[in-house]
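Written out below as structure tokens is the structure these notes cover.
Hydrogens, waters and symmetry mates are skipped; everything else that's a heavy atom, side chains included, is used. Index from 1, following the sequence.
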Amino acid sequence: YTIGNLPTGPYLVKCRPGGTVLDVAAQEMKVFVSTLSVAQADFALGAAASINGSVTDSAGTAVANAKINVFVIVQRPDGTYEYPFVKGTYSSAMGTYTVSGLTGNKSYRIEALPEFGSGLSRSMVDWVWVSEGMVTTAPTIVLYPGGGITGTVKSPTGVLTGAEVIIYERTYDGYQQRVRLFTNTE
């Protein structure tokens with residue numbers, strides 16, 4: 001492949017198998033294009049890897065329909081880590097999940113988010129090593145009971161009734177609105 005006429009600067013080049021090929025993992029690399037030069041970005045796609053796992057509550061009961069987010073663990077040059085999102089799925093009625101098509105020889109973070117209103121909190125496991133072409137069983141993700149939020153809305157003249165309160169939950173890509181309610185209108 002060749003792509004020309006690019007402005008000078010950094011680029012992220014991604015390569016993934018086409019069609020229905022699921023047993024080959026995608027790859028990406030960062031390159032820099034400078035004036036009158038061509039950056040080389042060669043790919044040798046390896047056998048895809050998979051992660052199997054399960055989600056339970058603190059009593060050991062399977063948690064169905066938990067959103068499973070998989071992030072690759074990447075160390076930055078300054079020694080800190082970043083966790084780019086890779087793939088997602090949901091846990092089955094038995095609390096199990098499988099995420100396929102992962103790049104092998106990397107460590108992953110796996111996060112489980114229960115259905116909103118379940119009373120459970122999200123949880124995660126880190127440093128799940130996945131070998132190329134292999135199926136890895138991750139440690140069970142245990143979701144513990146959550147908490148709540150309470151408060152009073154006041155104006156300069158006292159308690160304000162009919163005020164709108166919106167609750168947002170933080171997710172890997174920002175905040176998602178979860179609840180919208182109004183204070184008592186008595």
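Taking a 6.0 Å sphere around CZ of Phe43, one finds it holds more than 12 heavy atoms contributed by other residues, nucleotides or ligands. By the neighbour-count criterion of 12 heavy atoms within 6.0 Å, atom CE of Met29 is densely surrounded, having more than that number from other residues, nucleotides or ligands. Within a 6.0 Å sphere centred on CG of Leu6, heavy atoms belonging to other residues, nucleotides or ligands number more than 12. No more than 12 heavy atoms of other residues, nucleotides or ligands shown are found within 6.0 angstrom of CG on Asn5. Applying the 6.0 Å contact sphere to OH of Tyr144 captures no more than 12 heavy atoms from other residues, nucleotides or ligands. Annotation for Met124: atom CE counts as buried by contact number, over 12 foreign heavy atoms lying within 6.0 Å.
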TODO: Verify side-chain contact (heavy atoms from CB on, under 4.5 Å) between Lys14 and Leu12, making sure each step is shown before the conclusion.
DONE: CA-CA 7 Å; Lys14 294 184 177 185; Leu12 176 64; 3.6 Å; yes
Open item on the list: I'd like to know whether Ser131 forms a side-chain contact (heavy atoms from CB on, under 4.5 Å) with Asn105, so could you lay out the CA-CA distance, the side-chain angles of the two residues, the decisive distance to 0.1 Å, and finally the verdict.
Closed with: CA-CA 5 Å; Ser131 297; Asn105 302 326; 4.2 Å; yes
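In plain terms, the two heavy atoms of Gly146 and Ser121 that are nearest each other are CA-OG, 3.1 Å. Annotation for Glu115 and Ala64: closest pair OE1-O, 4.3 Å, computed over non-hydrogen atoms. Across every non-hydrogen atom of Ala49 and Gly104, the tightest pair is CB-CA, 4.2 Å. Scanning both residues, Gly101 and Ser50, for their nearest heavy atoms gives N-OG, 4.4 Å.
No single ILVMFWY cluster, assembled from side-chain heavy atoms under 4.5 Å apart, contains both Trp129 and Ile73. Note on Leu143 and Leu113: separate hydrophobic clusters, where clusters join Ile, Leu, Val, Met, Phe, Trp and Tyr whose side-chain heavy atoms are under 4.5 Å apart, directly or indirectly. One hydrophobic cluster holds both Ile141 and Val72 under the rule that ILVMFWY side chains link at heavy-atom gaps under 4.5 Å. The cluster map of Ile, Leu, Val, Met, Phe, Trp and Tyr, joined by side-chain heavy atoms under 4.5 Å apart, puts Val74 and Ile51 in the same cluster. There is a path of hydrophobic side-chain contacts, each under 4.5 Å, that joins Val55 to Val125.
Here the straight-line distance linking atom OG of Ser107 with atom CG of Asp126 works out to 9.5 Å at 0.5 Å rounding. Atom NZ of Lys87 is separated from atom OG1 of Thr89 by 9.5 Å, given to the nearest 0.5 angstrom. Taken to the nearest 0.5 Å, the CE atom of Met134 stands 14.0 Å off from the CG atom of Leu102.
Remark: side-chain polar atoms of Ser155 are not paired, donor with acceptor, to backbone N or O of Leu160 under 3.5 angstrom. With Thr136 contributing its side chain and Val130 its backbone, the two residues share no donor-acceptor pair below 3.5 Å. Gln27 places no side-chain N or O within 3.5 Å of a backbone atom of Thr103 that could act as its donor or acceptor partner. The backbone N or O of Val142 sits less than 3.5 Å from a side-chain atom of Ser123, completing a donor-acceptor pair.
Annotation: side chain of Tyr97 is in contact with side chain of Ile110 (closest heavy-atom distance under 4.5 Å). Between Ile167 and Phe116 the shortest side-chain heavy-atom distance does not fall below 4.5 Å. Put simply, the side chain of Arg122 reaches to within 4.5 Å of the side chain of Pro114, judged on heavy atoms. Inter-residue side-chain proximity for Pro145 and Asp57 is flagged as unmet; no heavy-atom pair is nearer than 4.5 Å. Phe71 has its side chain out of reach of Tyr81: every pair of non-hydrogen atoms, C-beta onward, lies at least 4.5 Å apart.
Just one of Thr98, Thr137, Thr96 meets the side-chain hydrogen bond (donor to acceptor under 3.5 Å, both in side chains) condition when paired with Asn52; it is Thr98.
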